[in-house]
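Below is one structure, written out as structure tokens; the observations come after it.
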Amino acid sequence: MKLAIVGVGQAGGKILDQLIEYDTTRNTGFVEHAVAVNSARTDLAGLTYVPEADRLLVGQSIVSGHGAGTDPETGKRCVGEDIHEIDDAVGGVATSGIDAFLLIAGLGGGTGSGGGPVIADHLGEIYAEPVYGLGILPSTDEGGIYNRNAANSLQRFARSTDSLLLFDNGAAKSSGETLSEGYREINDEIATRFGNLFSAGEIDAMGGDVAESVVDSSEIINTLGDGGITSIGYATEAIETDEGGLLDRFLGSDDDDLASSGDATNRITSLVRRATLGKLTLPCEPDSAARALLIVSGPPEHLSRKGIDSARDWLETETDCREVRAGDYPLPDEGRVAALVVLSGVTEVPRIEEMQQLAVESDTGPEDDEQDEKDFESLLEYGDDDGSE
Ligand SMILES: Nc1nc2c(ncn2[C@@H]2O[C@H](COP(=O)(O)OP(=O)(O)OP(=O)(O)O)[C@@H](O)[C@H]2O)c(=O)[nH]1
């Protein structure tokens with residue numbers, strides 16, 4: 001599907017950069033237009049792939065190009081001050097050629113966390129295309145302020161977007177490495193999963209091989225729905241054993257109990273199990289999903305129809321929802337088969353509940369139990385789409 005993507009703040013800009021790299025090197029063509037928005041001049045200067053003309057420094061009269069200092073209110077003001085310039089840069093460019101907008105932001109900081117929902121609201125009011133969010137949750141050990149910012153921003157983001165796709169930094173972090181050391185690897189993983197999702201159905205990317213059952217943008221849009229939280233599972237297996245085991249290093253391919261057999265059908269069903277039950281971008285209970293989508297990609301001769309059908313049946317049982325879509329995405333030059341599982345409208349998400357509890361405690365202090373209880377319940381309404389604050 002064709003997207004106009006806005007990366008807001010530092011994490012948003014870096015992930016946008018990485019998605020453009022994915023799109024360019026694979027020639028997939030899902031990034032129709034890309035804009036980086038930030039209140040910090042140095043963050044914008046550090047980008048590689050976003051064209052200079054599409055980097056917007058906002059809130060100069062408020063923070064003089066120095067960033068929002070992890071304060072979402074400041075981030076909100078910075079973005080609000082320049083919302084018309086942002087609109088010119090994002091929406092002014094051929095929206096007729098896009099299927100949706102995608103806003104990317106780290107929810108724990110200031111600019112992306114406070115400013116992201118302002119842009120989402122604005123785009124949603126003006127344009128008919130759906131507006132999706134890709135929100136990055138802080139890891140638990142980043143501390144109270146990041147968790148509080150994220151808990152508050154998550155609610156606003158969920159209400160301002162048609163679907164909020166979440167990625168939990170904490171769940172992705174490998175043991176023994178600091179978060180900043182891991183960012184490059186984490187951002188690669190984000191680009192792989194979301195790049196795979198958004199490039200599915202782009203016929204140009206298929207090199208003339210039309211999928212037996214193409215996943216097109218309307219299936220992705222219908223799966224994402226119009227409100228709520230989305231998590232993505234992904235697992236991959238190399239078709240031929242390569243010398244260094246390089247291809248097996250992709251996350252999600254390390255579950256011995258569910259090791260795939262060489263047979264194409266079994267490989268697909270086993271990959272889909274691993275994608276759903278292994279590392280999700282946001283750990284959640286699969287049976288709390290309202291809708292699901294399965295995309296199996298790889299060389300056409302390895303995309304067994306029977307395998308995809310039986311994997312879809314399994315996913316229907318596992319998620320306990322009737323709205324399960326499935327399709328293939330032929331990539332003739334790939335040395336691997338990959339299963340991507342989209343779980344949308346999920347409601348049982350332990351990390352969100354934990355983060356919101358941490359946020360409430362850091363706001364009121366643990367002694368104010370009655371107030372904690374009330375705040376916690378109102379914060380829990382992250383999937384609520386009633387538009388109220
Ligand atoms: N996955 C990922 N997360 C990041 C990256 N950089 C920062 N983060 C996370 O994003 C949150 C901080 O948000 P930033 O994007 O740095 O902040 P900002 O939106 O620029 O806001 P200010 O710095 O306050 O102006 C923290 O939770 C970080 O863990 C990155 O490159 N990748």
For this session: Evaluate side chain to side chain contact (heavy atoms under 4.5 Å, CB included) for Arg159 paired with Gln155, printing each intermediate quantity in order.
Result: CA-CA 6 Å; Arg159 287 178 182 141; Gln155 279 198 86; 3.4 Å; yes
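- Of the possible donor and acceptor atoms, none in the side chain of Lys14 sits under 3.5 Å from a partner among the backbone N and O of Gly9.
- Counting heavy atoms from C-beta outward, Asp188 and Arg184 have side chains that approach closer than 4.5 Å.
- Among pairs with a residue in residues 314-323, those fulfilling salt bridge (charged side-chain N to carboxylate O under 4.0 Å, His left out) read Glu323-Arg325, at least two apart in sequence or across chains.
- For residues 52-70, no pair satisfies salt bridge (charged side-chain N to carboxylate O under 4.0 Å, His left out), with sequence neighbours left out.
- Judged as a salt bridge (Lys or Arg N to Asp or Glu O under 4.0 Å), and not counting sequence neighbours, Glu219 has no contacts.
- Legend: residues meeting side-chain contact (heavy atoms from CB on, under 4.5 Å) with Asp43, ordered by chain and number and at least two apart, are Gln10, Asn38, Ala40.
- Panel note: side chain Asp82, backbone Glu85; no donor-acceptor pair is recorded below 3.5 Å.
- Rounding to the nearest 0.5 Å places OG1 of Thr269 at 12.0 Å from CG of Leu315.
- When all heavy atoms are compared, the tightest approach of Gly133 to Leu102 is C-CD1, 4.1 Å.
- Partner of Ile5 under the side-chain contact (heavy atoms from CB on, under 4.5 Å) criterion, out of Ile98, Ile104, Ile15, Val35: Ile104 alone.
- For the pair Thr161 (side chain) and Phe157 (backbone), a donor-acceptor distance under 3.5 Å is present.
- A donor-acceptor distance shorter than 3.5 angstrom exists from the side chain of Asn222 to the backbone of Ser218, with no hydrogens or angles considered.
- Side-chain contact between Asn169 and Tyr183 is present, with at least one heavy-atom pair separated by less than 4.5 Å.
- At distances below 3.5 Å, not a single donor-acceptor pair connects side-chain atoms of Arg274 with backbone N or O atoms of Lys279.
- Considering all non-hydrogen atoms of both residues, Leu154 and Leu166 come closest at CD1-CD1, 3.7 Å.
- Taken from CG in Leu137 to OG in Ser139, the straight-line distance is 10.0 Å, to the nearest 0.5 Å.
- Remark: the backbone N or O of Gly170 is paired with a side-chain donor or acceptor of Asp168 at under 3.5 angstrom.
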Exercise. Yes or no on side chain to side chain contact (heavy atoms under 4.5 Å, CB included) for Tyr329 and Leu303, after CA distance, side-chain angles and deciding distance?
Worked result: CA-CA 8 Å; Tyr329 176 17; Leu303 303 180; 5.9 Å; no
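- Each of Leu277, Leu340, Val341, Ile308 was checked for a side-chain contact (heavy atoms from CB on, under 4.5 Å) with Val272, and the lone residue meeting it is Val341.
- With sequence neighbours left out, the side-chain contact (heavy atoms from CB on, under 4.5 Å) criterion links Ser288 to Glu285, Val346, Thr347, Glu348.
- A search for side-chain hydrogen bond (donor to acceptor under 3.5 Å, both in side chains) contacts involving Asp287 returns nothing, not counting sequence neighbours.
- Nearest approach of Leu282 to Ile352, heavy atoms of both residues: CD2-CD1, 4.2 Å.
- Taking 4.5 Å as the limit, every side-chain heavy atom of Leu44 sits out of range of all side-chain heavy atoms of Val50.
- Between Val90 and His33 the shortest heavy-atom distance is O-CD2, 3.8 Å.
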For this session: Would you check, one step at a time, whether the test side chain to side chain contact (heavy atoms under 4.5 Å, CB included) holds for His302 with Glu334?
Result: CA-CA 11 Å; His302 290 274; Glu334 287 282 317; over 6 Å; no
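- Put simply, the side chain of Arg148 reaches to within 4.5 Å of the side chain of Asn152, judged on heavy atoms.
- Interatomic distance, Trp314 CH2 to Leu294 CG, rounded to the nearest 0.5 Å: 10.0 Å.
- Partners of Arg291 by salt bridge (Lys or Arg N to Asp or Glu O under 4.0 Å), not counting sequence neighbours: none found.
- At least one side-chain heavy atom of Thr319 sits under 4.5 Å from a side-chain heavy atom of Leu343.
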For this session: Determine, stepwise, if the pair Asn147 / Glu142 fulfils side-chain hydrogen bond (donor to acceptor under 3.5 Å, both in side chains).
Result: CA-CA 8 Å; Asn147 279 279; Glu142 282 185 68; over 6 Å; no
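- Here the closest non-hydrogen pair linking Thr230 and Ser344 is OG1-OG, 2.9 Å.
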Show every donor-acceptor pair shorter than 3.5 Å between a side-chain atom in residues 112-123 and any protein atom, with sequence neighbours excluded, or say none if there are none.
| from | atom 1 | to | atom 2 | distance (Å) |
| --- | --- | --- | --- | --- |
| Ser113 | OG | Leu107 | O | 3.0 |
| Asp121 | OD1 | Ser160 | OG | 3.2 |
| Asp121 | OD2 | Arg156 | NH2 | 3.1 |

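- Under the rule for a side-chain contact (heavy atoms from CB on, under 4.5 Å), the partners of Ser217 that lie at least two apart in sequence or sit in another chain are Met1, Asp99.
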What side-chain donor-acceptor pairs closer than 3.5 Å can you find for residues 60-74, not counting sequence neighbours?
| from | atom 1 | to | atom 2 | distance (Å) |
| --- | --- | --- | --- | --- |
| Gln60 | OE1 | Arg41 | NH2 | 3.3 |
| Ser61 | OG | Glu81 | OE1 | 3.4 |
| Ser61 | OG | Glu81 | OE2 | 2.3 |
| Asp71 | OD1 | Glu73 | N | 3.4 |
| Asp71 | OD2 | Thr74 | OG1 | 2.5 |

Exercise. For Ser304 and Thr265, what are the C-alpha separation, side-chain angles and deciding distance, and is it a side-chain hydrogen bond (donor to acceptor under 3.5 Å, both in side chains)?
Worked result: CA-CA 6 Å; Ser304 144; Thr265 302; 3.1 Å; yes
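- In this structure, OG1 in Thr192 is found 12.0 Å from CD1 in Ile232, a value given to the nearest 0.5 Å.
- Scanning both residues, Ser297 and Asn196, for their nearest heavy atoms gives OG-ND2, 3.6 Å.
- Here CD1 of Ile83 is found 4.5 Å from CD1 of Ile86. Values are rounded to the nearest 0.5 Å.
- Here the OH-CD1 distance, from Tyr22 to Ile190, works out to 13.5 Å after rounding to the nearest 0.5 Å.
- For the side-chain contact (heavy atoms from CB on, under 4.5 Å) test, residues two or more places apart in sequence or in another chain that qualify with Pro130 are Ala100, Tyr132, Asp162, Ile221.
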For this session: Check the pair Tyr127, Asp87 against side chain to side chain contact (heavy atoms under 4.5 Å, CB included), reporting the backbone distance first and the verdict last.
Result: CA-CA 11 Å; Tyr127 301 100; Asp87 184 28; 2.9 Å; yes
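- Using a 4.5 Å heavy-atom cutoff, the side chains of Glu189 and Phe167 are in contact.
- Residues satisfying the salt bridge (Lys or Arg N to Asp or Glu O under 4.0 Å) criterion with Arg77, sequence neighbours excluded, are absent altogether.
- Proximity of Leu3 to Leu19: side-chain heavy atoms (C-beta onward) are nowhere separated by under 4.5 Å.
- Side-chain atoms of Val337 and Ile239, non-hydrogen and from C-beta on, do get closer than 4.5 Å to each other.
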